[in-house]
Amino acid sequence: VQLQASGGGLVQPGGSLRLSCTASGFCLDDHVVAWFRQAPGKGREGVSCISSFDYSTYYTDSAKGRFTISRDNAKNTVYLQMNSLKPEDTAVYFCAADEVDYSRKGWGLREQLYRSWGQGTQVTVSS
């Protein structure tokens, strides 16, 4: 059982990146999947999640209107499309998944509720 996050890189302010979270050993379509990030010297924060029930999506305030989370079940992958990137988006981004979905309770961005984690992918927004 493994999650693989990819797609990070260096981008200028205002640019875009698409992160991918691909699972092996289990199917993501019956898991809630979330993206978290951790900036240097800061704790890990939830960015977005997509439910396993009806694929409802949830975003932290700083991501609303700029980021879009989506699923491609055929590829067993969840994406995070990030547009209008800002320097404050610079962080290591992690994806996480769990069979138990608390997103409808408003808890989808609580990291302690996720048991499967991928390694991080670095996103740097700088001119």
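Any value given below was found using the heavy atoms of this structure, including those in side chains, with hydrogens, waters and symmetry copies removed.
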Undergrad: Counting only pairs under 3.5 Å, give me each side-chain donor-acceptor contact of residues 35-42, with atom names and distances, residues two or more places apart or in other chains.
TA:
residue	atom	partner	partner atom	Å
R37	NE	E45	OE2	2.6
R37	NH1	D89	OD1	2.9
R37	NH1	Y93	OH	2.9
R37	NH2	E45	OE2	3.1
R37	NH2	S62	OG	3.2
Q38	NE2	K42	O	3.0

Undergrad: Mind jotting down which residue pairs meet the disulfide (SG to SG under 2.5 Å) criterion with at least one end in residues 94-127? Sequence neighbours excluded, please.
TA: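 Passing the test, one end in residues 94-127: C21-C95.
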
Undergrad: Which residues satisfy the salt bridge (charged side-chain N to carboxylate O under 4.0 Å, His left out) test with R110, sequence neighbours excluded?
TA: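 Counting only residues at least two positions away or on another chain, R110 forms no salt bridge (charged side-chain N to carboxylate O under 4.0 Å, His left out).
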
Undergrad: How many angstroms lie between atom OG of S51 and atom CZ of R104, to the nearest 0.5 angstrom?
TA: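 Spacing of OG (S51) from CZ (R104) equals 7.5 Å.
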
Undergrad: The criterion is disulfide bond (SG atoms under 2.5 Å apart); which residues satisfy it with C49, sequence neighbours excluded?
TA: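 If we apply the disulfide bond (SG atoms under 2.5 Å apart) test to C49, skipping adjacent residues, there are no hits.
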
Undergrad: Tell me which pairs pass side-chain hydrogen bond (donor to acceptor under 3.5 Å, both in side chains) where either residue lies in residues 21-34, with sequence neighbours left out.
TA: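 Applying side-chain hydrogen bond (donor to acceptor under 3.5 Å, both in side chains) to every pair that reaches into residues 21-34, excluding sequence neighbours, yields T22-T77.
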
Undergrad: Given V78 and I69, is the side-chain contact (heavy atoms from CB on, under 4.5 Å) satisfied, shown in steps?
TA: CA-CA 7 Å; V78 168; I69 191 169; 3.7 Å; yes

Undergrad: Take atom CD of E99 as the centre, draw a 6.0 Å sphere, and report whether it contains more than 12 heavy atoms from other residues, nucleotides or ligands.
TA: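 Check fails, neighbour count at 12 or below.
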
Undergrad: For T57, check side chain to side chain donor-acceptor pair (under 3.5 Å) against everything at least two apart and list the hits.
TA: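 Side chain to side chain donor-acceptor pair (under 3.5 Å) check on T57 returns nothing, list empty.
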
Undergrad: Using 0.5 Å steps for rounding, measure from the CD1 atom of I50 to the OG atom of S70.
TA: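 Atom-to-atom, I50:CD1 and S70:OG are 6.5 Å apart.
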
Undergrad: List in chain and number order the residues that pass salt bridge (charged side-chain N to carboxylate O under 4.0 Å, His left out) with D61, two or more places apart in sequence or in another chain; answer none if no residue qualifies.
TA: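 Scan of D61 (salt bridge (charged side-chain N to carboxylate O under 4.0 Å, His left out), adjacent residues dropped) gives K64.
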
Undergrad: In Å, rounded to the nearest 0.5 Å, how long is the span from OG of S103 to CG of D98?
TA: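 So the gap between those two atoms works out to 11.0 Å.
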
Undergrad: Side-chain donor-acceptor pairs under 3.5 Å in residues 1-20, sequence neighbours left out?
TA:
residue	atom	partner	partner atom	Å
S16	OG	N83	OD1	2.9

Undergrad: Give a yes or no on whether the backbone of S84 and the side-chain of R66 come within a donor-acceptor separation of less than 3.5 Å.
TA: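 Judged by distance alone, yes, a pair lies under 3.5 Å.
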
Undergrad: What's the separation between atom CG in L109 and atom OG in S48, rounded to the nearest 0.5 Å?
TA: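 Those atoms lie 7.0 Å apart.
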
Undergrad: Any side-chain heavy atom of Y114 within less than 4.5 Å of one from V33?
TA: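 When only atoms from C-beta onward are counted, V33 and Y114 do not touch, as no gap falls below 4.5 Å.
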
Undergrad: What pairs meet the ring pair (Phe, Tyr, Trp, His ring centres under 6.0 Å) rule with one or both residues in residues 42-67, with sequence neighbours excluded?
TA: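 Sorted result for residues 42-67: empty, none.
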
Undergrad: Name all residues meeting the side chain to side chain contact (heavy atoms under 4.5 Å, CB included) criterion together with K105; count only those two or more places apart in sequence or in a different chain, and write none if there are none.
TA: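 Y102, W107.
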
Undergrad: Sort and list the pairs that fulfil salt bridge (Lys or Arg N to Asp or Glu O under 4.0 Å) and have at least one residue in residues 74-86, not counting sequence neighbours.
TA: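 Non-adjacent pairs meeting salt bridge (Lys or Arg N to Asp or Glu O under 4.0 Å): zero.
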
Undergrad: State the CG-OG distance between D101 and S52, to the nearest 0.5 angstrom.
TA: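 Nearest 0.5 Å value for the CG-OG distance: 3.5 Å.
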
Undergrad: I would like to know whether Y79 and T68 meet side-chain contact (heavy atoms from CB on, under 4.5 Å); could you show each step before the answer?
TA: CA-CA 8 Å; Y79 301 103; T68 303; over 6 Å; no

Undergrad: Please tell me if the side chains of M82 and V47 come closer than 4.5 Å, counting only heavy atoms from C-beta onward.
TA: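 Not in contact.
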
Undergrad: Considering residues at least two apart in sequence or located in another chain, which fulfil the salt bridge (charged side-chain N to carboxylate O under 4.0 Å, His left out) criterion with E111?
TA: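 Partners of E111 under the salt bridge (charged side-chain N to carboxylate O under 4.0 Å, His left out) test: R44.
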
Undergrad: Between N76 and F26, is there a donor-acceptor pair closer than 3.5 Å when you use the side chain of the first and the backbone of the second?
TA: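 Yes: the side chain of N76 pairs with the backbone of F26.
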
Undergrad: Do L28 and F94 belong to the same hydrophobic cluster, where Ile, Leu, Val, Met, Phe, Trp and Tyr are linked whenever their side-chain heavy atoms lie under 4.5 Å apart, directly or via other members?
TA: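 They do not share one cluster, since no chain of ILVMFWY contacts under 4.5 Å joins L28 to F94.
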
